[in-house]
A.B. asks: 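Provided herewith is a single structure, encoded as structure tokens, for subsequent inquiry.
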There are 2 protein chains.
Amino acid sequence: MPENDKKAQRPIMALLDILGQRWVLRIIWELRDAPLNFRALRARCDQISPTVLNQRLTLLRDNGLVDLGDDGYVPTPLCEELGEILLQLTDWSRHWQQQQTQAD
Amino acid sequence: MPENDKKAQRPIMALLDILGQRWVLRIIWELRDAPLNFRALRARCDQISPTVLNQRLTLLRDNGLVDLGDDGYVPTPLCEELGEILLQLTDWSRHWQQQQTQAD
DNA sequence: CCCACTTGCTACATATTATGTAGCACGACT
DNA sequence: AGTCGTGCTACATAATATGTAGCAAGTGGG
């Protein structure tokens, strides 16, 4: 985890630190449309090791991005806003892949 | 690096794999407004080790996101679009940090 | 009461990845 | 020829992730 001085000052730095950790973006992405329990979430994330999954879920819960409800893990309302932003990546990624296949 | 079956099918998965690697988001972020050479970029990224920085820059160049010009590393036009999306994270992160400090 | 079953999660040995420091090879300038 | 800054590499050490097995707690029968 990149420990840096800017983190305390700038929320965006703290955010990039979190989102930049392996599996975090993917986990948020997979939780976008339906609650998933621990084991289902693992399956969606290519059977990520439970150790890391738990570390990441703890991190996300500590930071108010994810909650564990009766139906499984769900993004908080705040995190759903974040999901909206990430959703834009879908369109962009198609655009990007087109340009890439042309370049090859 | 999460190797997964969905990657080939869905551009978004390939994208999340790249963006989810340590330092990648940060590097894209730091290159947003001005070209930075290798050493300057290191300095901006908390003196990230040159080994990893080079790995990530190679990755980003191979994927058409970053170029090395005369003034240093610059995001490609395509990557600038991505930067626009990431820029929205700034506002969101402030909102997020407010809620977090209330929760503590 | 006991048993099977599912849940979130942990233990731990192994493999992968990052860090930190030093410095190389190359080009430009003096 | 010598110095400077550049992108980048080597390599030993430290930090992280993986993969497998299984624990502890809850639920719902029979």
Side-chain angles (χ1 to χ4, degrees), chain A residues 1-7 13-31 34-76 79, chain B residues 1-7 13-31 34-76 79:
Chain A
M1 185 180 337
E3 280 296 337
N4 61 71
D5 33 354
K6 300 176 186 171
K7 178 161 34 175
M13 289 295 162
L15 180 61
L16 292 180
D17 268 2
I18 292 178
L19 298 186
Q21 285 184 55
R22 196 134 90 174
W23 293 111
V24 167
L25 280 174
R26 176 72 173 268
I27 290 169
I28 293 176
W29 182 263
E30 296 293 350
L31 289 179
L36 293 172
N37 69 24
F38 194 91
R39 282 156 138 95
L41 189 49
R42 267 196 83 198
R44 289 285 199 105
C45 295
D46 269 336
Q47 294 292 0
I48 171 181
S49 82
T51 316
V52 176
L53 179 54
N54 190 44
Q55 283 173 12
R56 294 299 123 86
L57 286 172
T58 303
L59 178 74
L60 291 172
R61 284 202 273 183
D62 288 349
N63 286 283
L65 294 175
V66 160
D67 277 331
L68 175 54
D70 289 344
D71 297 335
Y73 287 96
V74 284
T76 61
C79 186
Chain B
M1 189 180 331
E3 280 295 335
N4 63 68
D5 33 355
K6 300 175 186 171
K7 181 163 27 174
M13 289 295 162
L15 180 60
L16 292 180
D17 267 2
I18 292 179
L19 297 186
Q21 286 186 52
R22 195 133 91 177
W23 294 110
V24 168
L25 280 174
R26 177 72 174 268
I27 290 169
I28 293 175
W29 181 263
E30 296 293 350
L31 289 179
L36 293 171
N37 67 25
F38 194 91
R39 283 157 138 96
L41 189 49
R42 269 197 80 197
R44 288 284 198 105
C45 294
D46 270 334
Q47 294 293 357
I48 172 183
S49 81
T51 315
V52 177
L53 179 54
N54 191 45
Q55 282 173 12
R56 295 298 121 87
L57 286 172
T58 303
L59 179 74
L60 292 172
R61 286 202 273 182
D62 287 351
N63 286 283
L65 294 175
V66 159
D67 277 331
L68 175 54
D70 289 344
D71 297 334
Y73 287 95
V74 286
T76 61
C79 186

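So that the names make sense, note that chain A is the first sequence line, chain B the second, and so on, each numbered from 1.
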A.B. asks: The criterion is side-chain contact (heavy atoms from CB on, under 4.5 Å); which residues satisfy it with A:Arg61, sequence neighbours excluded?
C.D. replies: A:Val66, A:Leu68, A:Tyr73

A.B. asks: How close do B:Leu59 and B:Ile18 get, heavy atom to heavy atom, and via which atoms?
C.D. replies: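 Minimum heavy-atom separation between B:Leu59 and B:Ile18: CD2-CG2, 4.0 Å.
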
A.B. asks: In whole angstroms, how far is the P atom of D:dT6 from the CG atom of B:Asp70?
C.D. replies: 14 Å

A.B. asks: Give me the distances for all protein-to-nucleotides 26-28 of chain C N/O pairs that come in under 3.5 Å?
C.D. replies:
none

A.B. asks: Whole angstroms only, please: what is the CZ-C1' distance between B:Arg22 and D:dA17?
C.D. replies: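 Going from CZ in B:Arg22 over to C1' in D:dA17 covers 11 Å.
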
A.B. asks: For a quick test of reading the model, state the closest non-hydrogen atom pair linking B:Cys45 to B:Glu30 and the distance between them.
C.D. replies: SG-CG, 4.1 Å

A.B. asks: Rounded to the Å, how far apart are A:Trp23 CH2 and D:dT16 P?
C.D. replies: 18 Å

A.B. asks: In whole angstrom, what separates A:Asp17's CG from C:dA18's C1'?
C.D. replies: 15 Å

A.B. asks: Taking only N and O in the side chain of B:Gln55, is any of them less than 4.0 Å away from OP1 or OP2 of C:dA18?
C.D. replies: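 Looking at the OP1 and OP2 atoms of C:dA18, one of them is under 4.0 Å from a side-chain N or O of B:Gln55.
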
A.B. asks: CG of B:Leu53 versus C1' of C:dA18: gap in Å, rounded?
C.D. replies: 13 Å

A.B. asks: I need the CD-P distance between A:Gln21 and D:dT16, as an integer number of Å.
C.D. replies: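 That distance rounds to 9 Å.
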
A.B. asks: Using whole Å, what does the distance between atom C1' of nucleotide D:dA17 and atom CG of A:Leu59 come to?
C.D. replies: 15 Å

A.B. asks: B:Val74: what forms a side-chain contact (heavy atoms from CB on, under 4.5 Å) with it, not counting sequence neighbours?
C.D. replies: B:Pro35, B:Asp67

A.B. asks: Which one of A:Ile28, A:Leu31, A:Asn63 satisfies the side chain to side chain contact (heavy atoms under 4.5 Å, CB included) criterion with A:Cys79?
C.D. replies: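 Option passing the side chain to side chain contact (heavy atoms under 4.5 Å, CB included) with A:Cys79: A:Ile28.
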
A.B. asks: Round to the nearest Å and state the distance from A:Ile48 atom CD1 to D:dG19 atom P.
C.D. replies: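 After rounding, the reported distance stands at 10 Å.
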
A.B. asks: How about A:Arg44 and A:Arg26: do any of their side-chain heavy atoms sit closer than 4.5 Å?
C.D. replies: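 A side-chain contact is absent here, since even the closest heavy-atom pair is not under 4.5 Å.
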
A.B. asks: For B:Ile48 and B:Val52, work out which heavy atoms get closest and say how close.
C.D. replies: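 Closest approach of B:Ile48 to B:Val52, heavy atoms only: CD1-CG1, 4.1 Å.
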
A.B. asks: Considering residues at least two apart in sequence or located in another chain, which fulfil the side-chain contact (heavy atoms from CB on, under 4.5 Å) criterion with A:Gln55?
C.D. replies: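 Expected list: A:Thr51.
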
A.B. asks: Between protein and nucleotides 7-14 of chain D, map the contacts as a letter string: B base, S sugar-phosphate only, - none, heavy atoms under 4.0 Å, written 5' to 3'.
C.D. replies: BBBBB---

A.B. asks: Restricting to non-hydrogen atoms, name the atom on A:Phe38 and the atom on A:Leu53 that form the minimum distance, rounded to 0.1 Å.
C.D. replies: O-CD2, 3.7 Å

